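Treat the numbers as computed from the prediction; the structure is a model and nothing was measured. These numbers come from the heavy atoms of this one structure, side chains and all, not from hydrogens, waters or symmetry mates.
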Amino acid sequence: MAGDKLEWDGVGVLSKGLAGEIRFDASLKGMTIGELIPANKVIRENAQHLVRVGEDQKTSTEMMERLVPEEEKRSYWWAAALIIGLLALFFLAWYFSARRLDSSATGNQQKLEPQKEAATYKLSE
């Protein structure tokens, strides 16, 4: 029922409110019991312990190796392609500056003369 109280000696009072909620009022609010003991956090580096992974048990170092990604090795292939491309541009600039920039600079300079073919037929007279 609403308004019922349960006194817990030395701890506090449990009571039920009108909406059905349970409240606790502590009787030790301002009191300190005993001395305060400092708690120091202990961190052990490289300590191993078992970790359950699915149905298997692995050590913590095995899981750290799996979960921590390896550093990616950087690839500098693009630097070699850039150097080759720049060398090709310098070569083309030199080539066209030495030979003038017109159609004869890039074309074939040999004169072609068609060969005379032997007749494959004879005319009858």
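- Residues satisfying the side-chain hydrogen bond (donor to acceptor under 3.5 Å, both in side chains) criterion with E65, sequence neighbours excluded, are absent altogether.
- At a threshold of 4.5 Å between side-chain heavy atoms, the hydrophobic network of Ile, Leu, Val, Met, Phe, Trp and Tyr places W8 and I22 in one connected group.
- Residue L87 places its CG atom among more than 12 non-hydrogen atoms of other residues, nucleotides or ligands, all under 6.0 Å distant.
- In this structure, NZ in K5 is found 8.0 Å from CG in D25, a value given to the nearest 0.5 Å.
- The same ILVMFWY cluster, assembled from side-chain heavy atoms under 4.5 Å apart, contains both L92 and W94.
- Contact annotation: the side chain of R52 never approaches that of K58 to less than 4.5 Å [non-hydrogen atoms, C-beta and beyond].
- Listed by chain and number, the hydrophobic cluster partners of Y76 are W77, W78, where partners are ILVMFWY side chains within reach of under 4.5 Å, directly or through others.
- By the criterion of side-chain heavy atoms lying less than 4.5 angstrom apart, applied directly or through intervening Ile, Leu, Val, Met, Phe, Trp or Tyr residues, M64 is not grouped with V51; the two fall into different hydrophobic clusters.
- Separating the CG atom in L86 from the CZ atom in F91 is a distance of 15.5 Å, to the nearest 0.5 Å.
- Q48 and S60 form no side-chain donor-acceptor contact under 3.5 Å, judged by distance and modelled atom types alone.
- With rounding to the nearest 0.5 angstrom, the CD atom of E62 is 11.0 Å from the CD atom of Q57.
- The two residues A19 and E21 make their nearest non-hydrogen contact at CB-OE1, 3.1 Å.
- Side-chain contact between L50 and T59 is present, with heavy atoms from C-beta onward closer than 4.5 Å.
- Residue M63 places its CE atom among more than 12 non-hydrogen atoms of other residues, nucleotides or ligands, all under 6.0 Å distant.
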